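See below for the structure under consideration.
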Amino acid sequence: MLKIRCHVRKFLRNRFFPFTTFMLKYSRYRGFLEALIDTGSPYTVVSTRDALRLGFPIKRMQSGESVSLAGFRFFNHPIRNVTLIFRTEEEESFSVSIPQMGILVPTKINRSTLNDRRLMAIPSIIGNDFLEDYGFSLYFNPGKKKAFLLQEQE
Amino acid sequence: MVKTEFERDVKCFEEDAQWLCANYDTLREYEGKVVVIKNKQIILAAESIEEAVKELKKRGEDAAFLLITSIPPKDLSFIL
């Protein structure tokens, strides 16, 4: 069984949420991400905040499926052939090549949206698509502040 | 065993994430701001991600490899 490390921290309303860290490689872009594991999201996405941090030219990425999140409208701009490298509980690297994931690009990009504290609070997300496609289950116990992603062998 | 640069960097990033977990309650003064964490300390607090990235560039730091997060205002709530 493969266990991917996760951590549990406060995020909204003083409540604990599960996060994981990984490296993203796409074309010439690479960097580390901390992502919320959100089983309620059908998508795995890079947040606007992280996209700007990694240097993605989001103004040129205003295309893709339109999605609503936390009261904002975004394009779920697809990026293809992305590699995510996670760390396992055994301190080894676990690399996954995913055919497609999204970047959350606001439908309106201006100084006001880029300075919006609510929008910038939206984290990158590991969604249900990732869990389903790669056979992971999420263990999350907020009371004990414990979480991990488990990939069981068939 | 010699660790690769990636292993070193990812370990530092993970440690910074763990530090954020442990110290989140002490960061209330940064509510609404974008904070940059390196080596288990806040090295920068900015009003926006653009401002943070710009300042990091000036300092010769690569934003892509640092833990940058925002501390949501206490009353902020949304269902993802």
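Bear in mind that the values here come from a model prediction, so they are computed numbers and not experimental data. Letters A, B, ... are given to chains in the order of the sequence lines, protein chains preceding strands, and every chain is numbered from 1.
Looking at A:S93, the atoms closer than 4.5 Å to chain B (heavy atoms on both sides) all sit in the side chain, from C-beta outward. Within the 4.5 angstrom heavy-atom criterion, atoms from both the backbone and the side chain of A:R30 approach chain B. Proximity to chain A is limited to the side chain of B:V53, based on heavy atoms less than 4.5 angstrom apart. Using a 4.5 Å cut-off between heavy atoms, A:D116 does not touch chain B at all. Heavy-atom distances place both the backbone and the side chain of B:F65 under 4.5 Å from chain A.
The heavy-atom pair separating A:R9 from B:C21 by the smallest distance is CB-SG, 3.6 Å. Taking both residues in full, the closest heavy atoms of B:F13 and A:L33 are given as CE2-O, 3.6 Å, listed atom of the first, atom of the second, then distance. The shortest heavy-atom contact between B:I68 and A:D50 is O-OD1, 4.4 Å. Of all heavy-atom pairs spanning A:R53 and B:A64, the tightest one is NH1-O, 3.1 Å. Heavy atoms only, all atoms of each residue included: A:L114 and B:S48 are closest at O-CB, 4.2 Å.
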I would like to know whether A:R87 and B:E7 meet side chain to side chain contact (heavy atoms under 4.5 Å, CB included); could you show each step before the answer?
-> CA-CA 9 Å; A:R87 296 287 286 170; B:E7 283 171 330; 4.0 Å; yes

Derivation of the side chain to side chain contact (heavy atoms under 4.5 Å, CB included) call for A:K10 and B:D25 | CA-CA 8 Å; A:K10 285 184 181 172; B:D25 284 337; 2.9 Å; yes

Test A:H7 against B:L20 for side chain to side chain contact (heavy atoms under 4.5 Å, CB included), laying out the working first.
-> CA-CA 10 Å; A:H7 55 278; B:L20 176 63; over 6 Å; no

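Residues satisfying the side chain to side chain donor-acceptor pair (under 3.5 Å) test with A:T44, not counting sequence neighbours, are A:D129. Legend: residues meeting side chain to side chain donor-acceptor pair (under 3.5 Å) with B:Q18, ordered by chain and number and at least two apart, are absent.
Exactly one of B:D9, B:L67, B:L66 qualifies for a side-chain contact (heavy atoms from CB on, under 4.5 Å) with A:F32. That residue is B:D9.
A:R111 CZ: 12 or fewer foreign heavy atoms inside a 6.0 Å radius. Taking a 6.0 Å sphere around CZ of B:R59, one finds it holds more than 12 heavy atoms contributed by other residues, nucleotides or ligands. Atom CD of A:E132 has 12 or fewer neighbouring heavy atoms from other residues, nucleotides or ligands inside a 6.0 Å radius.
Here A:T21 contributes atom OG1 and B:K11 contributes atom NZ; the two are 11.5 Å apart, rounded to the nearest 0.5 Å. Taking CE of A:M120 as the reference point, atom CD of B:E47 lies at 13.0 Å (rounded to 0.5 Å).
A heavy-atom distance below 4.5 Å is not found between the side chains of A:E34 and B:I37.
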